[in-house]
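Following: one structure in structure tokens, then a few remarks.
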2 protein chains.
Amino acid sequence: MKLSKTADYSLRILSFMAKKPEQIHTAKDLVAKLNISDKYLRRLMTQLSKTGFIKSIQGREGGYSFTKPTEQIFVSQIIDAVDGLEKYMGCIMGFGDCSDDNPCALHKKWAKVRSQIMILFETTSIAEMAEKDVQKV
Amino acid sequence: MKLSKTADYSLRILSFMAKKPEQIHTAKDLVAKLNISDKYLRRLMTQLSKTGFIKSIQGREGGYSFTKPTEQIFVSQIIDAVDGLEKYMGCIMGFGDCSDDNPCALHKKWAKVRSQIMILFETTSIAEMAEKDVQKV
DNA sequence: TTTAAATACTACCTGTAAGTATTATTTATT
DNA sequence: AATAAATAATACTTACAGGTAGTATTTAAA
């Protein structure tokens, strides 16, 4: 499984910012630290601002900062905001109307694994990701 | 999580064929039954023939048939043949070099779920999918 | 009030998965 | 030998995610 690059970028950006959650982060700095293409990151920041996780501060001395505690921002919410969770949580065979009552041949087995994925996404906060001592950001 | 349409198609085609594993199946018939675009399915059949799961029989009365028992063809092999398993089994954050020694912030949690996905793919045969009494093919 | 340093917006470019069209080739039947 | 019915190969088209370029707007500091 892979998330879209946009979702990956969003997680990386927000978990990086969450290492210093009170600070105002500029796009320039994020680009330098995260190795994400400049213009795409800037567009994404605007998009993330509109979702409400962060707010933008325009003008000189501007940048981006969180609107709420990073303990209250979960991976599932971020993926949902940028891609829509249903993109990842639908039928593994690609059927639009797959359900317990009208299942595909992998439905039962997949439903179990999918719920594990959902639990992971729903219980992992940006704060948790930020506090890990990992090289990769 | 979603597989590529090509992988979805491959699973649907092969599990449909596996309902009558001794029969020679024509592209025409598969298109009619599976609601997959004609030309794309035909190209995919050629590709699947080259992977060795099925063989093509050219000329009049031709079509496609299995080269081995459907109990010995697993979902993981099919996905690997058409997309490459690594497309789905890599780092959830998109890092190329994520590992236990050099992990991303989600590595540990994701590794557990990913192994469940792998087990599902590796232990589900086309024969098993075919014998399920499901509407969706 | 001017300037510098930041974000916002709009339009365009590019690569790839998926879909389509056309023609060539193969082989059983007649 | 001719035909019909199947697969094979090649090239073109389309949609969209991701990436790029240029200009406009905002605001603190000098």
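Order of the sequence lines fixes the chain letters, A, B, ..., with proteins taken first and strands second; residue numbering starts at 1 for each chain.
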*Candidate pair A:D38 and A:R42, rule salt bridge (charged side-chain N to carboxylate O under 4.0 Å, His left out), full reasoning*: CA-CA 6 Å; A:D38 186 288; A:R42 288 170 187 275; 2.7 Å; yes
Specify the separation, in whole Å, of atom [atom1] of [X] and atom [atom2] of [N].
| X | N | atom1 | atom2 | result |
| --- | --- | --- | --- | --- |
| A:Y64 | C:dA5 | OH | P | 17 Å |
| B:L3 | C:dA18 | CG | C1' | 16 Å |
| A:Q47 | C:dT10 | CD | P | 15 Å |
| A:K28 | C:dT7 | NZ | C1' | 14 Å |
| A:I57 | C:dA5 | CD1 | C1' | 14 Å |

*Quick check: are there more than 12 heavy atoms from other residues, nucleotides or ligands sitting under 6.0 Å from NZ of A:K20?*
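No, not enclosed.
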*OP1, OP2 of C:dT7 versus side-chain N and O of A:T46: anything below 4.0 Å?*
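Result: no.
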_So, does B:T6 get its side chain near the phosphate of C:dA18, meaning an N or O under 4.0 Å from OP1 or OP2?_
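Yes, B:T6 has a side-chain N/O under 4.0 Å of OP1/OP2 on C:dA18.
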So what does [X] hit on the nucleic acid, given a heavy-atom distance under 4.0 Å: a base, only sugar-phosphate, or nothing?
| X | answer |
| --- | --- |
| B:K87 | nothing |
| A:S49 | nothing |
| B:K55 | nothing |

*From the 5' end of DNA chain D to its 3' end, which nucleotides mark the outer limits of contact with chain A, defined by a 4.0 Å heavy-atom distance cut-off (strictly under)?*
D:dG18 to D:dA28
_Summary of protein contacts for nucleotides 19-29 of chain C, nucleotide by nucleotide, where a base hit scores B, a sugar-phosphate-only hit scores S (4.0 Å, heavy atoms)_ = BBBB---BBB-
*Where the side chain of A:T67 meets the backbone of A:G52, is there a donor-acceptor pair that is under 3.5 Å apart?*
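Flag set: sc A:T67 to bb A:G52 pair under 3.5 Å.
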_Pairing residues for B:K2 by the side chain to side chain donor-acceptor pair (under 3.5 Å) criterion, not counting sequence neighbours_ =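 With sequence neighbours excluded, B:K2 shows a side chain to side chain donor-acceptor pair (under 3.5 Å) to no residue whatsoever.
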*asked:* Tell me every residue that passes side chain to side chain donor-acceptor pair (under 3.5 Å) with A:H25, counting only those two or more places apart in sequence or in another chain.
replied: none
*Looking at residues at least two apart in the chain, or sitting in another chain, which of them share a side-chain contact (heavy atoms from CB on, under 4.5 Å) with A:D80?*
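Residues passing side-chain contact (heavy atoms from CB on, under 4.5 Å) with A:D80: A:L85, A:E86.
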*Got a sec, which residues hit side-chain contact (heavy atoms from CB on, under 4.5 Å) with A:V82, two or more places apart in sequence or on another chain?*
A:T6, A:A7, A:S10, A:L44, A:Q47, A:L48
*Which value, rounded to the nearest 0.5 Å, describes the distance between B:Y64 atom OH and B:I57 atom CD1?*
10.0 Å
_If hydrophobic clusters are built from ILVMFWY residues whose side chains come within less than 4.5 Å, do A:L106 and B:M118 share one?_
yes
